[in-house]
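Everything below concerns the one structure shown next.
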Amino acid sequence: TNWVKQLEEEYNRIIQRVKAGGLNNAIGVMLRKRKAQLPNVRRIQREIRERRVEISQIQLAQSDLREHRLNLSDVERELNAAVRALPDHYTEEEREPIRKEVADLVQNQRTLIDALQRDYDAYLNVLFELNIRQEQLAGVTRQFTAYINENILWTGGTAAPNLRTLQEGNTALRWLTSPEAWQRVPSLMVGDLARNFHINAPILVLLLAWLLFWRRIQKTIEALGVEARKKKHTRFVQTLETLGLTFLAGAAWPALVAFCAWRLSVAAETVDQARATGMGLLAAAFMGFCLETLRQLLRSNGLAEAHLGWPGNRLASARRVFVMLLFVLLPASFIVYIFENQAEEFWKDSVGRFAFAAAMIAIAVALYRLLGLARMDIQEMGKDGGWIAGKQKLHRPIHLIFAGLPACLALLAMAGYYFAALHLAYRFFWTLLLILVVLIGAGMTRRWLDLTQRKLAIREARKKRESL
């Protein structure tokens, strides 16, 4: 209770201080330091989960004790029957001490069970109370953290990279690769596999079958692409089938990585390094799904080329760009999310910041190449390129702005505004995905209209031929 009260009081004091002094770099540094000192919400949640497991075990033990106490009556009857069945040469005086000793033993067991039940009840009350207090503490900490995040977005909370940054990075890598932490993980994973075999086994079989059929999925996409190129082709359902198969091809290996990350996070949630690694693998799996799906989208005779009519002479170059992004963004997103999911703020600003900057530079290079290819296509299409083809003066500024934004975010992070750069990168990433979804949606709509028009034209031609 005192922790919660003290944290609430400090939260209110900091709000008043920010209102009185405004936001500046000094306030930003103070907020960053205070954020690093806040209780670790993930650790609190982990302790609450562990305590809930302990509560379940105690309640199970209480149930066993209650059942054992009820069975004592049967035990007493059986022991008394055994005393009565003693040989006839035992006199009543000899039987009575035995009967009394049996009764005392049973009564002592009842007394011990009752005492142990009372101790269990008292311990459960303590555990329940502690969980309630920690949940309150976690709630106040989340509120405090959200306020700090909102107010340090545009305040320089970290310095540019220096010697201390390298030292903190070395410490962070030693923490992540600590043998003492990882030596427990294999046994935890095996235990989780055994306990949840009914869940893990079917999913693993499904994922492995998915990987085995990956080549067949790609061949089906190519076959549908060849069919879609025919002049008399009018079936839009095959375009929808190709879209679905493209997602299946792009999600095959990321799904397996995501499953392994999920089980690692669940099985070894008490090991901070393993839990953070699981979150990093989940981020890498999602990034891999996005990039691999786009690569499959641009494949030869794939959805973009054969169905949506995107120029095939540029797609090979675009695919090479996405291969480069796979090699850079997968490890970068893995590292960034590992250190974003641990409590030490300085480690985020060292290893996490360098990985983030590398990812942003790679995205800037990729966007420059991809937008350059798009500009060449628009120029070649001329008037057929739509309204944007007539805005020649806007092409280069748009090209440079989109390609320059990730580079600016990298510079922003290295200048000490890593928190702001990271959150802006999230928005930029989702904006790019939204643009891609709109482009694909527009292409699918145009494909449907073209096929419908072609179907009507074929029908009209048949009617004319039949009327002759």
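Hydrogens, waters and symmetry mates play no part in the numbers below; they use all other heavy atoms, side chains included.
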[atom1] of [X] to [atom2] of [Y]: how many Å apart, nearest 0.5 Å?
X	Y	atom1	atom2	value
Phe334	Met279	CZ	CE	12.0 Å
Leu127	Ile55	CG	CD1	5.0 Å
Ile199	Ile203	CD1	CD1	7.0 Å
Ile363	Leu370	CD1	CG	11.5 Å
Glu222	Leu245	CD	CG	12.0 Å
Arg263	Asn200	CZ	CG	4.5 Å

Using every non-hydrogen atom in the two residues, find where [X] and [Y] come nearest and quote the distance to one decimal.
X	Y	result
Ala274	Val185	CB-CG2, 3.9 Å
Ala410	Ala357	CB-O, 3.9 Å
Gly278	Leu264	N-CD2, 4.0 Å
Pro39	Thr141	O-CG2, 3.3 Å
Ala403	Leu367	CA-CB, 4.1 Å
Ala318	Leu298	CB-CD1, 3.7 Å

message: Run the ring pair (Phe, Tyr, Trp, His ring centres under 6.0 Å) test on Phe259 and Trp253 for me, step by step, so that the C-alpha distance in whole Å, both residues' side-chain angles and the decisive distance to 0.1 Å come before the verdict.
response: CA-CA 10 Å; Phe259 172 75; Trp253 65 262; over 10 Å; no
Within a reach of under 6.0 Å around [atom1] of [X], are more than 12 heavy atoms found that belong to other residues, nucleotides or ligands?
X	atom1	result
Arg216	CZ	no
Phe354	CZ	yes
Phe428	CZ	yes
Arg49	CZ	yes
Phe144	CZ	yes

Donor-acceptor pair, [X] side chain versus [Y] backbone, under 3.5 Å?
X	Y	answer
Gln273	Trp175	yes
Trp210	Leu248	yes
Arg353	Ala413	yes
Asp192	Leu188	no
Trp214	Ala249	yes
His233	Arg235	yes

Does [X] reach the side chain of [Y], with side-chain heavy atoms less than 4.5 Å apart?
X	Y	answer
Leu176	Thr277	yes
Leu422	Val336	yes
Tyr120	Asn125	no
Leu137	Val41	no
Val237	Glu241	no
Leu204	Leu256	yes
Leu451	Arg447	yes
Tyr337	Leu282	no

task: With His307 as reference, evaluate Thr239, Asp450, Asn301 under the side chain to side chain donor-acceptor pair (under 3.5 Å) test and give the passing residue.
output: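 Only one option passes, and that is Thr239.
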message: Ring-plane angle category for Tyr418 and Phe356, please: parallel below 30°, perpendicular beyond 60°, tilted otherwise.
response: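 Correct class here is perpendicular.
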message: Let's go through Glu292 and Gln296 carefully: what are the C-alpha distance in whole Å and the side-chain angles of both, what is the deciding distance for side-chain hydrogen bond (donor to acceptor under 3.5 Å, both in side chains) to 0.1 Å, and is it a yes or a no?
response: CA-CA 6 Å; Glu292 181 64 17; Gln296 295 294 333; 2.9 Å; yes
Is there any salt bridge (charged side-chain N to carboxylate O under 4.0 Å, His left out) pair reaching into [range], and which pairs are they, with sequence neighbours excluded?
range	value
residues 302-311	Arg229-Glu305
residues 50-63	Arg46-Glu50, Arg52-Glu135
residues 171-180	none

task: Go through Leu112 and Leu116 one step at a time and tell me if the side-chain contact (heavy atoms from CB on, under 4.5 Å) criterion holds.
output: CA-CA 6 Å; Leu112 290 172; Leu116 187 55; over 6 Å; no
Kindly write out the residues that satisfy side chain to side chain donor-acceptor pair (under 3.5 Å) with [X], not counting sequence neighbours, or none if the list is empty.
X	result
Glu227	Lys230
Arg275	none
Gln59	none

message: Could you go through Arg320 and Ser317, starting from their C-alpha distance and side-chain angles, then the distance that decides it, and tell me whether this counts as side-chain hydrogen bond (donor to acceptor under 3.5 Å, both in side chains)?
response: CA-CA 5 Å; Arg320 286 193 291 271; Ser317 299; 3.2 Å; yes
- request: Report the C-alpha separation of Ser333 and Phe286 in whole Å, then their side-chain angles, then the decisive distance to 0.1 Å, and conclude whether the side-chain contact (heavy atoms from CB on, under 4.5 Å) test is met.
  value: CA-CA 9 Å; Ser333 59; Phe286 177 72; over 6 Å; no
- request: Start with the C-alpha gap between Leu409 and Leu405, add the side-chain angles, then the distance that decides, and say whether side-chain contact (heavy atoms from CB on, under 4.5 Å) holds.
  value: CA-CA 6 Å; Leu409 292 178; Leu405 274 174; 5.6 Å; no
- request: Check the pair Leu303, Ile221 against side-chain contact (heavy atoms from CB on, under 4.5 Å), reporting the backbone distance first and the verdict last.
  value: CA-CA 8 Å; Leu303 182 69; Ile221 292 173; over 6 Å; no
query: Hey, mind stepping through Glu47 and Asn131 against side-chain hydrogen bond (donor to acceptor under 3.5 Å, both in side chains) and telling me if it holds?
result: CA-CA 9 Å; Glu47 291 173 357; Asn131 267 5; over 6 Å; no
